[in-house]
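In what follows, chains are A, B, ... by sequence order, proteins preceding strands, each numbered from 1. Because only heavy atoms are used, hydrogens play no part in the values below, and waters and symmetry mates are left out as well, while side chains stay in. Fair warning: this is a prediction, and the values are worked out from it, not measured in the lab.
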4 protein chains.
Amino acid sequence: MSVNKVILIGNVGQDPEVRHLDKDVTVANFSLATSESYTAKNGEKVTTTEWHNIVVWRGLAKVVEQYVSKGDKLYIEGRIRTRSWDDKDGNKRYTTEIYADNLEMLTPRGQSTGGGQQMSEPKNQQAESVNEPDFSSSEEDDLPF
Amino acid sequence: MSVNKVILIGNVGQDPEVRHLDKDVTVANFSLATSESYTAKNGEKVTTTEWHNIVVWRGLAKVVEQYVSKGDKLYIEGRIRTRSWDDKDGNKRYTTEIYADNLEMLTPRGQSTGGGQQMSEPKNQQAESVNEPDFSSSEEDDLPF
Amino acid sequence: MSVNKVILIGNVGQDPEVRHLDKDVTVANFSLATSESYTAKNGEKVTTTEWHNIVVWRGLAKVVEQYVSKGDKLYIEGRIRTRSWDDKDGNKRYTTEIYADNLEMLTPRGQSTGGGQQMSEPKNQQAESVNEPDFSSSEEDDLPF
Amino acid sequence: MSVNKVILIGNVGQDPEVRHLDKDVTVANFSLATSESYTAKNGEKVTTTEWHNIVVWRGLAKVVEQYVSKGDKLYIEGRIRTRSWDDKDGNKRYTTEIYADNLEMLTPRGQSTGGGQQMSEPKNQQAESVNEPDFSSSEEDDLPF
DNA sequence: TTTT
DNA sequence: TTTT
């Protein structure tokens, strides 16, 4: 009875941070920039950039670990999730993230201009388009999110 | 070169708050709930609800003012925007909002069960589907956002 | 490296036609109407209706069989597929269909106004939102599509 | 009350065919390929390609005329439209097209590998992301579609 | 912090 | 704060 869907095409702000949790679960985090331009009253072109916090789990996170680096252009399909946490002063703070369910690499291999180690050829065609499979709820509710 | 698109179907959490700014500009704010369910390991069904802060400008805000009330189911198409502000302790805080560019009413008229005043018939068929027209940047950069 | 995604909200044109194939595979077909309105030069309001051929497989088809009937409003997420066939004169013909991967019921139960048999209460909450799981390719390539 | 939205990322099949109609109205047509891969039972990788007939009007068609050529990767947002026509034997035939409302160029300039004339630098930043403005219905209903 |  |  409801839909929560996000579609982004943008550039990766920095090499993804990848963590390997228990049970062979991988998580990757990175930010993705999208930008909009318009011409202001004075004729000047103004560009505003929006930064999105992307979170990727499991198999898709492994793809990110192997193939995504700073500067890459990505297509991301996912959903919005706002989580709360307590800051050092005990105030409730909110962070909005995009949980990626699908991801496509739009930067041709070997053209990454980012800061990370140089990308070799993709080991595997699958890497260019991977969907997050549905995971059983039995492991789902062990995870810290 | 980039895309920032959100598609939501959910329920309006409270009657929209509508403000009329200078130059005949209207803004409406409300929250929209989307929910996801899954069955946990113990067989219990778990539902998580996500609340989205929706912002609507100009002509579309007038439609919201006239036709949207608490409890209504809406389709919203828009983009993500995170703005920062300073809290009372001088800390930078962030709020993520969805700027609606298109909105469709999915609750048949006369069936709103929310807390607001009872809805009459729509005055105007247009109300059921209104797109935000493109506004010239000349007025755009007068606005406080 | 590519994306083929369709999002529709519209009304079901007739009770779905459901077939049960071998190996416990179910397929459902129905048409879905979306409409657009605009005001013509002469001030007359013109509405054009677009009919989409929807195809639903497996578990999602069983949901359709049980819960979808003529007149219902649905949200459908899927992809476009054009298949060719030969007509009686031996000419190649093309039919474009939407393969649904996700489907949400937007008509509250018990409010269906269509021509089919009256809908009872949903047997199961899951029915309101079901995703097509990924099926292994081993059965995939047995299917006639 | 309804939504008809298509999102495609794919490659342009041939240099667009551009026509200039009366009243300074431009139309561009081209096909766009999207593809899906899966591994068959025998372990072989199978790729299926879907060809979409894209139609672009007015300002966006001028952008296509200037900047889009065979082989380019594009993001397209639009809607599905099926039109009928009579073939030489008097049979009713149907063609499904995607009317593009928004288009983003995903191939960096100067990297087009297609068959058309070589692309020079974009004359204009706008070219990379142009939205179809809403046109008044008064001209709308003069058009042959 | 990205990209054009 | 919504809805089923």
Undergrad: Between E:dT3 atom P and A:L32 atom CG, what is the distance in whole Å?
TA: 12 Å

Undergrad: Look at the side chain of B:T49 against the base of F:dT2 and say whether a donor-acceptor pair falls under 3.5 Å; ignore hydrogens and angles.
TA: yes

Undergrad: Without decimals, in angstroms, what is the distance between B:I76 CD1 and F:dT3 P?
TA: 15 Å

Undergrad: On DNA chain E, check which nucleotide each of A:S31 and A:T47 is closest to and give me the residue with the more 5' one.
TA: A:S31

Undergrad: To the nearest angstrom, how far is D:E104 atom CD from E:dT3 atom C1'?
TA: 12 Å

Undergrad: Can you list the residues that meet the side-chain hydrogen bond (donor to acceptor under 3.5 Å, both in side chains) rule with A:T47, with sequence neighbours excluded?
TA: A:S37

Undergrad: State whether the aromatic ring of B:W51 stacks on the base of F:dT2, taking stacking to mean ring centres under 5.5 Å apart and ring planes under 30° to each other.
TA: no

Undergrad: Without decimals, in angstroms, what is the distance between B:E36 CD and F:dT4 C1'?
TA: 15 Å

Undergrad: Could you please name the option among E:dT1, F:dT1, E:dT4 that lies closest to any side-chain atom of B:Q14?
TA: F:dT1

Undergrad: Please give, in whole Å, the distance from F:dT3 C1' to B:K73 NZ?
TA: 6 Å

Undergrad: Nearest whole angstrom, please: distance from the C1' of E:dT2 to the CG of A:L74.
TA: 11 Å

Undergrad: I want to verify a distance call: between E:dT1, F:dT2, E:dT2, whose nearest atom is closest to the B:A33 side chain?
TA: F:dT2

Undergrad: I'd like to check the salt bridge (Lys or Arg N to Asp or Glu O under 4.0 Å) partners of C:K5; sequence neighbours left out, ordered by chain and number.
TA: A:E77, C:E77

Undergrad: Mind calculating the distance between CG (A:L106) and P (E:dT3) to the nearest angstrom?
TA: 15 Å

Undergrad: Going by an N to O cut-off under 4.0 Å, is there a salt bridge joining B:R93 and B:D87?
TA: yes

Undergrad: Between A:K45 (NZ) and E:dT3 (C1'), how many Å, whole number?
TA: 11 Å

Undergrad: Would you find a donor on one side and an acceptor on the other, under 3.5 Å apart, between the side chain of A:N53 and the backbone of A:T96?
TA: yes

